[in-house]
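Below is one structure, written out as structure tokens; the observations come after it.
Atoms considered below: every heavy atom in the structure, side chains included; atoms not considered: hydrogens, waters and symmetry mates. For ligands, and for the atoms within them, numbers begin at 1 and follow the listed sequence.
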Amino acid sequence: MKAPHFDAIIIGAGVSGMYMLHRLRESGLTTRVYEAGGGVGGTWYWNRYPGARCDTDAYLYCYTFDKDLLQEWDWSGRYPGQQEILSYLEHVADRFDLRRDIQFNTRVTGARFRESDGTWDVRVDNGGRVTARFLITALGCLSAAQMPDIKGRERFAGASYHTSAWPHESVDFRHKRVGVIGTGSTGVQAIPVIAAEADHLYVFQRTANYSVPARHERVDCQVLRDVKDRYEEIWNKCRTTTAGYPIDPSPMSVLQLSEAERRAHYEQWWAEGGFVHVYIFDDIWLDRRANDTAAEFIRAKIRATVKDPDTAEKLTPFDHPFGSKRPLIDTHYFETYNRNNVTLIDIRHAPIAEITSTGIQTVDDHYELDIIIFATGFDAMTGAYNRIDIRGRGGVALKAKWSNGPRAYLGHAVAGFPNLFMVAGPGSDAPLTNYPLCIEGHCNWIAGAIAHAQECGTGTIEAEADAEDAWVNHVRELAEPTLYMQADSWHLGANVPGKPRMFPMYLGGLAAFRAKCDEIAAGGYKGFLVQSVLPRHSGEGDRQNG
Ligand code: NA7
């Protein structure tokens, strides 16, 4: 049976896959998207855990490509919750009629580059096969759940959930003893919400983290109106900054402020919430002495908030600089530990020994539980790639090529894997910059590279090994002197046993990344090889229209 043929296959219908589809349609390409979930949304489809919320201000967490779309959507609050973001993405899918080219509930299991005709042969989990000239991965940076390999996990008789595979129906915590393992971005969002409902909540914490108040609130209509009136100006500003947010960085060091000025600045930050105030001073993220001032401010706030001094001490981060692990924002996270029905268990000092049929056994104690929640994060950047058998020239597996850490040119292309493009791939500026803005840039650039390849004929476009090496070195050199190297974080792969320790994210910032990609495109796609291949063998694929 002949496999259907498309110009392009996109894997994933999250924020990036959806826009990639729209963009390729604009270029006139026949495109098919495969999505494992039952609907659009990616991260926002899967992460339905209680308290799930964006930690970017809503008015900046949206597509910018369509002026009318920006005007017609009203966000209800400062940080939209999961359901609201999913509704927005569903609206986008309707608005641009995306679903007709998306096949849901279908997981891509493998993709092999066929050198005979320069196409990708793609396999999906229902046994289907399709071919396409271009393969685009829109897998998300944090989509492969990391489930800890704790002895006895399968023995637990109660219910257990990973936060990123939360059931569609709500989970009832009333009269339940609940254990949460993990206190990253997800844990700090879920913990206060679960604590308000559960009979008792036990939090199993391995690393104490810095977290600042989100100060989530409803959005005033006038503020929304003002933002909509100024959107063009706001996006133009975002595109010139490192983080992709509309801020004016200070040319000063935070250390140049007097003690009183710095205190006032940090107090304003705490009162207003979020991260904007710490983005103003670059050196907080770069210089340990500057960083210590912010870190110590947060430590003092934790001690002042948490009434029990022993619990406060356990919650106080001590082993990594502020921001070297993903900084967190929360709603009443530290206050939650003042509740009588919440117990913090420090598993750094008394690790989990095993999961039993009735709860969690640490080396010190046994905790009887009805529900266990794994808020244990993701195999970031490469995990989702490793779950697909992607093979390039000579049948080489991407997983094998990346066995010592991912290698890619601009985070978009891989030498030896022609006509494969990655949105938010390792070595790009994602996910450290304003995500929707960043991925729009990626998709636009990839659409341009594909158009360039098409103008050159029926052949392949492929990263050159030298260009890839130079980019990987550049990304490493940017990361090495930074505070990011001083934490056991998912950024470095430290949360996944056996994963090579590498920082696969471009730290030059959104504006510099875009400039670099644009320069490469303007120079005729420097570092890419465009080649002609043999004509397609007849009968290997049926061309599909639309
Ligand atoms: P994170 O930020 O990776 O947090 C995972 C948490 O789970 C963190 O506290 C980990 O402790 C803990 N963890 C992971 N494995 C274990 C084991 N084996 N035992 C005990 N505790 C463990 O994931 P999130 O889902 O919170 O957030 C991911 C990103 O999503 C976030 O950065 C945002 O970008 C959105 P650790 O710190 O490793 O000691």
inquiry  = If you define the side chain from C-beta out and look only at heavy atoms, does anything of Arg239 sit under 4.5 Å from Asn236?
reply    = yes
ask   = Under a 4.0 Å heavy-atom cut-off, what residues line ligand 1?
value = Leu142, Pro148, Ile181, Gly182, Thr183, Gly184, Ser185, Thr186, Arg206, Thr207, Lys325, Arg326, Ile347, Ala375, Thr376, Gly377, Phe378, Trp490
message = Under 6.0 Å between ring centres: does that hold for Phe513 and His442?
response = yes
inquiry  = Run the side chain to side chain donor-acceptor pair (under 3.5 Å) test against Tyr79 and tell me which residues pass, sequence neighbours left out.
reply    = none
message = As a test of understanding, state which of Tyr88, Tyr59, Tyr61, Tyr63 forms a ring pair (Phe, Tyr, Trp, His ring centres under 6.0 Å) with Trp73.
response = Tyr88
query = Sequence neighbours excluded, which residues qualify as ring pair (Phe, Tyr, Trp, His ring centres under 6.0 Å) partners of Tyr210?
reply = His320, Phe322
message = Going by side chain to side chain contact (heavy atoms under 4.5 Å, CB included), name the residues that satisfy it together with Gln82, two or more places apart in sequence or in a different chain.
response = Trp44, Arg48, Ala52, Leu86
